[in-house]
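Reading through the structure tokens given below for one structure.
Quantities reported herein were computed from a predicted structural model and do not represent experimental measurements. FYI, side chains are in, hydrogens and waters are out, and symmetry mates aren't considered; it's all heavy atoms of this structure. In what follows, chains carry the letters A, B, and so on, assigned in the order in which the sequence lines appear, proteins first and then strands, with residues in each chain numbered from 1.
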Amino acid sequence: MLFRLQNTLTRQKEAFAPLAPGRIGMYVCGVTVYDYCHVGHARVCVVFDVVQRTLRHLGYDLTYVRNFTDVDDKIIARANANGESVESLTERFIQAFYEDMDRLDCQRPDIEPRVTTHMGEIIDMVQQIVARGHGYVVASEPVPVNDQPMATSDVYFSVESFPTYGSLSRRVQEDNADGASERVSFDGRKKDQRDFALWKAAKPGEPWWPSPWGPGRPGWHIECSAMACKHLGGAFDIHGGGKDLVFPHHENEIAQAQAATGDAFAKHWMHNGFVTIDSEKMAKSTGNFFTIRDVLARFHPQVLRYFLLTAHYTHPLNFSDKAMDEAAKRVLNVYEKLAQADELLARQPTAATGKPPAVVEVAQAELMEALCDDFNTPRALAALSEPITVLTAALAKPKAAGNMECIAHVRGFIARAADLLGVFQYPAAQLSELIVELARDSMFPPGSEGLAWVLDKMRERDTARSDKNWARSDELRAELLQGGVEVRDTREGSMWRPRLAID
RNA sequence: GGCGGCAUGGCCAAGUGGUAAGGCAGAGGACUGCAAAUCCUCCAUCCCCGGUUCGAAUCCGGGUGCCGCCUCCA
């Protein structure tokens, strides 16, 4: 199946064609590991996780590469502030990253390169750039090594030498610098203010690596050029990351890689929009953010993942309690239906044989079309609605002819959708309990036993109801509601689920 | 100052030339010990102005508003 993809480079939605038939190389900019990740980071990972799942489902042989930046100014500053080594700091936050992503059900990329293990490739690339006349070396202050001053240099990329510079972000640098110049200090060491560092001379107290230019470390952008080319070759299919990386990071990546290899570098550039709070970009530097673990302390990971897929990946997505409550409600609604279906199917095993109902065929096609249309996840999620409505109707009359088969077919469809989207794949019957457990601090009366408290009250209420003690029953319902639990009575008995307040 | 994005019902959000998906919330009815759930019914003409077209939320021009990048940033 052909799919279409928005390409930042051409500003158009293009029919995708891999460079090599059946194979796709994809590089996505990962995180700088000096702190816990926020919801914005979660979005990139979830978005490209869906991309990954979809491409594999379509039968492509995908190589997905996502890096960790484990040397950089902020990392060094944080490590110094903590009084710990760079390695211990980065290792800690790489593990924290994995914990967060595992909870969000993001599958691991095939290759996760780190800057510190690619110094050879980085140095080679800088040498190539200089050799081809696109970089220059500027002597720096000698740096003490083993108490001996050691000569060292910076290496810069020469933007002037590279006429196609700016093709991704479409900026004319002279104009670009105009209004921004107040914020950017003039660096007299550079031949041209547009030039950027390929290699930074070591400074006292900083980690460094030996190089042809003396002790130093890589500039920010060169790592991705070098690691992408190493693992995917000089030309590959897809490069992704957040919109904020378009300029200068990705622009510089292109210039460096093309200057070094003479090859095309990435063909399709995918950029995801920001997660915002009150429409303002979520960002560490401004303090305007929630960490993933903050959010997961209050909402089930499935709720966050679902929320992150409710808008198209290129658009901004506004994070709020209300939006999360809405997502939670929808996720619970769906899981509730799935739980009923699973219970019924367990009692009365039914194979999804024969021709699927029309709704399922239509929805299946719509699901794939939506994902192949630039990974339109809101459309994909909408495709689940009609089958779920049909499922609900069938669940109400399981004995009617064909209804069990219908339930089995819809259940199978949701499971296939879950494989692609990474939501609705959990054992449905446990979900509301899981959500309650995660939310226990805010949901239950202080000092209560959480889930046990709910189950106690529910049991007491069952007794009252069987005695037709309606007054006591209603009293208990009110207590439970106070405790954040909604009760509902059915023919099969009383059920409960977390109460979600939505304005 | 340069470059770019967005503006759809109460809220969120699809839709890129043929007469507005989906979610959440709301109203009325059925059902129910009550309350839910469920079922049925109802709830928008797409920021403003002008243009192209038989026909535009969708294309063009001009506004207004919000946001982003140009410094670290997913």
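The NE2 atom of A:His315 sits 12 Å away from the P atom of B:U8 (whole-angstrom rounding). In this entry the distance linking CG of A:Leu245 with P of B:U71 reads 14 Å, nearest Å. Going from atom CE of A:Met282 over to atom C1' of B:G68 covers 15 Å, rounded to whole Å. In this structure, A:Asp325 places its CG atom 18 Å from P of B:G23, rounding to the nearest Å. A straight line from CG of A:Leu168 to P of B:C69 spans 16 Å, rounded to a whole angstrom. Rounded to an integer number of Å, the gap from A:Phe290 CZ to B:A74 P is 18 Å. Going from atom CZ of A:Arg170 over to atom C1' of B:G2 covers 15 Å, rounded to whole Å. The nearest whole Å value for the distance from the NZ atom in A:Lys243 to the C1' atom in B:C3 is 14 Å.
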Tell me, what's RNA chain B's dot-bracket, Watson-Crick or G-U with both distances under 3.5 Å, | for other-strand, [ ] crossing? ((((((((.[[[..)..(...]]].(((((.......)))))....[[[[[..)....]]]]])))))))....

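Within the nucleic acid shown, A:Val47 has no heavy atom closer than 4.0 Å to any nucleic acid atom. Residue contacts shown for A:Arg43 are absent, as no nucleic acid heavy atom lies under 4.0 Å away. Among the protein residues, A:Met495 comes within range of no part of the nucleic acid, since none of its heavy atoms lies under 4.0 Å from any strand. At a threshold of 4.0 angstrom between heavy atoms, the contacts of A:Gly241 are confined to the sugar-phosphate backbone, with no base atom among them. When heavy atoms are screened at a 4.0 angstrom cut-off, A:His249 is found touching no nucleic acid atom at all. Across all strands, A:Ser285 comes closer than 4.0 Å to base atoms (heavy-atom distances). As judged by a 4.0 angstrom heavy-atom cut-off over every strand, A:Gly273 is placed among the base-contacting residues.
Shown here are the side-chain contact (heavy atoms from CB on, under 4.5 Å) partners of A:Gln6, two or more places apart in sequence or in another chain: A:Lys13, A:Tyr313, A:Asp374. Residues meeting the side-chain contact (heavy atoms from CB on, under 4.5 Å) test with A:Ile111, sequence neighbours left out: A:Thr63, A:Val65, A:Pro113, A:His231. Taking A:Phe307 as the reference, A:Phe319 meet the ring-ring contact (aromatic ring centres under 6.0 Å, His included) condition, with sequence neighbours excluded. Every salt bridge (charged side-chain N to carboxylate O under 4.0 Å, His left out) that A:Glu343 has, sequence neighbours left out, goes to A:Arg347. A search for ring-ring contact (aromatic ring centres under 6.0 Å, His included) contacts involving A:Phe424 returns A:Tyr335, not counting sequence neighbours. Residues that satisfy the salt bridge (charged side-chain N to carboxylate O under 4.0 Å, His left out) test with A:Asp102, not counting sequence neighbours, are A:Arg108.
Relative orientation of the A:Trp269 and A:Phe265 rings is tilted, given thresholds of 30° and 60° on the angle between their planes. Using the six-membered ring where Trp is involved, A:Phe68 and A:Phe97 have ring planes that are perpendicular, over 60° apart on the 30 and 60° scheme.
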Yes or no on side-chain contact (heavy atoms from CB on, under 4.5 Å) for A:Ile94 and A:Arg114, after CA distance, side-chain angles and deciding distance? CA-CA 10 Å; A:Ile94 285 172; A:Arg114 304 182 188 188; 3.5 Å; yes

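Only A:Thr310, A:Ala311, A:His312, listed by number, bring a heavy atom of residues 304-312 of chain A to less than 4.0 angstrom from any atom of RNA chain B.
To the nearest whole angstrom, the two C1' atoms, one in B:C24 and one in B:A30, are 24 Å apart. Across the P atoms, B:A7 and B:U16 are found 13 Å apart, a figure rounded to whole Å. Here, B:U52 and B:C11 have their P atoms 34 Å apart, quoted to the whole Å. When the P atom is compared between B:A13 and B:U8, the two are found 8 Å apart, to the nearest whole Å. Separation of the C1' atoms belonging to B:G65 and B:G18 is 31 Å when rounded to the nearest angstrom. The same atom, P, is picked in B:A57 and in B:G9; the two are 15 Å apart, to the nearest Å. Using C1' as the reference atom, B:U45 and B:G55 are 14 Å apart when rounded to the nearest Å. Nucleotides B:C43 and B:A36 place their C1' atoms 23 Å apart, quoted to the nearest Å.
Side-chain proximity of A:His41 to B:A74, B:C24, B:C69: nearest is B:A74.
Taking the six-membered ring for Trp, A:His250 and A:His221 have ring centres at least 6.0 Å apart.
Between A:Asn376 and B:A21 there is no side-chain N or O to OP1 or OP2 distance below 4.0 Å. Contact check, A:Lys281 against B:C69: a side-chain N or O comes under 4.0 Å of OP1 or OP2.
For residues 34-48 of chain A, every residue pair satisfying the side-chain hydrogen bond (donor to acceptor under 3.5 Å, both in side chains) rule, not counting sequence neighbours, is listed here: A:Asp35-A:Arg78.
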Solution key, residues 361-368 of chain A side-chain donor-acceptor pairs under 3.5 Å, sequence neighbours excluded:
residue, atom, partner, partner atom, Å
A:Glu361, OE1, A:Lys355, NZ, 3.1
A:Gln364, OE1, A:Arg416, NE, 3.0
A:Gln364, OE1, A:Arg416, NH2, 3.3
A:Glu366, OE1, A:Arg379, NH2, 3.3
A:Glu366, OE2, A:Arg379, NE, 2.7

List, one per line, each side-chain donor-acceptor pair under 3.5 Å for residues 387-394 of chain A, sequence neighbours excluded.
residue, atom, partner, partner atom, Å
A:Thr389, OG1, A:Ser385, O, 3.1
A:Thr392, OG1, A:Ile388, O, 2.7

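With respect to the salt-bridge test (charged N to carboxylate O, under 4.0 angstrom), the residues A:Arg171 and A:Glu251 do not qualify.
Between A:Ala383 and A:Ala471, the residue anchored closer to the 5' end of RNA chain B is A:Ala383, taking for each the nucleotide with the nearest heavy atom. Between A:Val39 and A:Thr314, the residue whose closest nucleotide on RNA chain B is further toward the 5' end is A:Thr314.
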Distances for protein N or O near nucleotides 34-38 of chain B N or O, under 3.5 Å:
residue, atom, partner, partner atom, Å
B:C34, O2, A:Asp474, OD1, 3.3
B:C34, O2, A:Arg477, NH2, 2.0
B:C34, N3, A:Arg477, NH2, 2.7
B:C34, N4, A:Asp489, OD2, 2.7
B:A35, N1, A:Asp489, N, 3.0
B:A35, N3, A:Arg477, NH1, 3.0
B:A36, N1, A:Asp489, O, 3.2
B:U38, OP1, A:Lys337, NZ, 3.4

